[in-house]
Amino acid sequence: PSQNSSDIISSQIMCLAEQITFTGRVEKAMHETTQSLEKFNDELLGGLQKLASLKSSAPSLHVIKLNALIQDKIHHRDILNQILSRGQRKHDWLWMKQLRYYISNDAICCHLEIGTSSLDYSFEYQGNQPK
């Protein structure tokens with residue numbers, strides 16, 4: 001995130017956007033090739049490094065937001081490493097057991113899936129004190 005976007009966008013929305021993006025990118029890469037997953041993993045690691053580098057010059061409120069995004073990206077890195085090491089696909093248990101975030105085609109509604117269960121995202125949020 002740029003300095004300006006983190007001023008006006010709440011941590012909850014930033015993290016939600018990250019989750020939606022991650023789910024979509026992983027599923028798109030799974031549909032393509034292992035190289036697509038590897039490329040996405042490299043991009044994710046680069047983004048993680050960039051976020052970490054922003055922390056040193058960020059105001060304290062931004063550091064809290066950056067820490068939340070960094071923790072999500074670390075979790076995403078771990079998921080991708082498992083997928084890559086096992087050659088998993090979209091309908092394999094390793095991916096299905098993850099909490100996956102989707103945006104509707106009209107971009108009005110977000111819903112979550114885990115396993116074969118699905119529910120609408122209704123902005124329940126408990127903050128991002130150490131996740």
Side-chain angles (χ1 to χ4, degrees):
S2 70
Q3 198 77 359
N4 292 340
S5 67
S6 61
D7 281 340
I8 60 173
I9 300 173
S10 73
S11 181
Q12 177 184 8
I13 299 303
M14 290 173 76
C15 290
L16 176 62
E18 174 65 29
Q19 297 288 3
I20 292 168
T21 300
F22 177 75
T23 298
R25 294 277 314 269
V26 168
E27 291 190 355
K28 181 177 187 267
M30 282 179 166
H31 184 70
E32 294 170 352
T33 64
T34 301
Q35 289 78 20
S36 296
L37 279 170
E38 291 169 349
K39 181 181 177 198
F40 177 48
N41 191 48
D42 291 343
E43 292 171 11
L44 187 135
L45 293 175
L48 185 56
Q49 290 175 340
K50 183 177 180 182
L51 287 175
S53 72
L54 290 173
K55 282 178 54 175
S56 63
S57 61
S60 59
L61 179 59
H62 292 204
V63 170
I64 293 169
K65 291 178 180 183
L66 289 169
N67 282 339
L69 287 171
I70 288 168
Q71 288 176 351
D72 286 346
K73 283 193 178 285
I74 289 170
H75 179 63
H76 295 160
R77 178 204 60 196
D78 293 346
I79 293 168
L80 272 178
N81 286 337
Q82 290 176 30
I83 290 169
L84 285 166
S85 70
R86 298 178 187 169
Q88 300 290 301
R89 303 310 313 153
K90 183 178 176 179
H91 296 289
D92 291 334
W93 177 242
L94 179 64
W95 181 242
M96 293 293 291
K97 72 179 182 175
Q98 304 303 321
L99 185 57
R100 302 173 317 278
Y101 293 71
Y102 299 92
I103 193 85
S104 63
N105 289 336
D106 57 10
I108 292 176
C109 180
C110 174
H111 73 274
L112 313 174
E113 293 182 11
I114 188 166
T116 57
S117 299
S118 178
L119 62 121
D120 288 338
Y121 184 84
S122 59
F123 295 90
E124 309 86 0
Y125 191 62
Q126 300 298 316
N128 65 14
Q129 289 300 324
K131 286 188 167 191

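Any value given below was found using the heavy atoms of this structure, including those in side chains, with hydrogens, waters and symmetry copies removed. Here the structure is a predicted model, which is why all the values come from computation and not from measurement.
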(request) Taking side-chain contact (heavy atoms from CB on, under 4.5 Å) as the test, write out the residues that go with Leu99, two or more places apart. (result)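 Result, side-chain contact (heavy atoms from CB on, under 4.5 Å) vs Leu99: Tyr101, Leu112, Ile114.
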
(request) Under the ring pair (Phe, Tyr, Trp, His ring centres under 6.0 Å) rule, collect the residues that match up with Tyr102, sequence neighbours excluded. (result) His111

Does [X] have any salt bridge (Lys or Arg N to Asp or Glu O under 4.0 Å) partners at least two apart in sequence or in another chain, and if so, which?
X     : value
Glu32 : Lys28
Lys55 : none
Lys97 : none

(request) Search all heavy atoms of Gly87 against all heavy atoms of Asp92 and return the closest pair with its distance. (result) O-OD2, 4.4 Å

(request) Kindly give the heavy-atom pair with the smallest separation between Val26 and Leu37, and that separation in Å. (result) O-CD2, 4.1 Å

(message) If hydrophobic residues (ILVMFWY) are linked whenever their side-chain heavy atoms come closer than 4.5 Å, directly or via other members, who joins Trp93 in its cluster?
(response)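 Joined to Trp93, directly or through intermediates: Met96.
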
(message) According to side chain to side chain donor-acceptor pair (under 3.5 Å), does anything in residues 39-49 pair up with another residue at least two apart or in another chain? List the pairs.
(response) Arg25-Glu43

(message) Please enumerate all residues that pass side-chain hydrogen bond (donor to acceptor under 3.5 Å, both in side chains) together with Asp106, with sequence neighbours excluded.
(response)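 Scan of Asp106 (side-chain hydrogen bond (donor to acceptor under 3.5 Å, both in side chains), adjacent residues dropped) gives Ser104.
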
(request) Using the test side-chain hydrogen bond (donor to acceptor under 3.5 Å, both in side chains), find all partners of Ser85 that sit at least two apart in sequence or belong to another chain. (result) none

What's the separation between atom [atom1] in [X] and atom [atom2] in [Y], rounded to the nearest 0.5 Å?
X     : Y     : atom1 : atom2 : answer
Leu44 : Ile74 : CG    : CD1   : 10.0 Å
Ile20 : Cys15 : CD1   : SG    : 11.5 Å
Lys65 : Ser60 : NZ    : OG    : 11.0 Å
Ser11 : Glu18 : OG    : CD    : 11.5 Å
Ile8  : Ile13 : CD1   : CD1   : 12.0 Å
Arg86 : Trp95 : CZ    : CH2   : 14.0 Å

(request) Evaluate side-chain contact (heavy atoms from CB on, under 4.5 Å) for Asp72 paired with Phe22, printing each intermediate quantity in order. (result) CA-CA 10 Å; Asp72 286 346; Phe22 177 75; over 6 Å; no

(message) If you count every heavy atom of other residues, nucleotides or ligands that lies below 6.0 Å from Asp78 atom CG, does the total exceed 12?
(response) yes

(message) Please evaluate residues Ile103 and Cys109 with respect to the criterion side-chain contact (heavy atoms from CB on, under 4.5 Å), reporting the C-alpha separation (whole Å), side-chain torsions for both, the decisive distance (0.1 Å), and the verdict.
(response) CA-CA 6 Å; Ile103 193 85; Cys109 180; over 6 Å; no

(request) Show your reasoning for whether side-chain contact (heavy atoms from CB on, under 4.5 Å) applies to Gln19 and His75. (result) CA-CA 11 Å; Gln19 297 288 3; His75 179 63; 5.9 Å; no

(message) Please say yes or no: joined through hydrophobic side-chain contacts below 4.5 Å, possibly via intermediate residues, are Leu45 and Leu51 part of one cluster?
(response) no

(request) Indicate if Leu16 and Ile70 have the same hydrophobic cluster label, given that clusters are the connected sets of ILVMFWY residues with side-chain heavy-atom separations under 4.5 angstrom. (result)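 Same hydrophobic cluster.
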
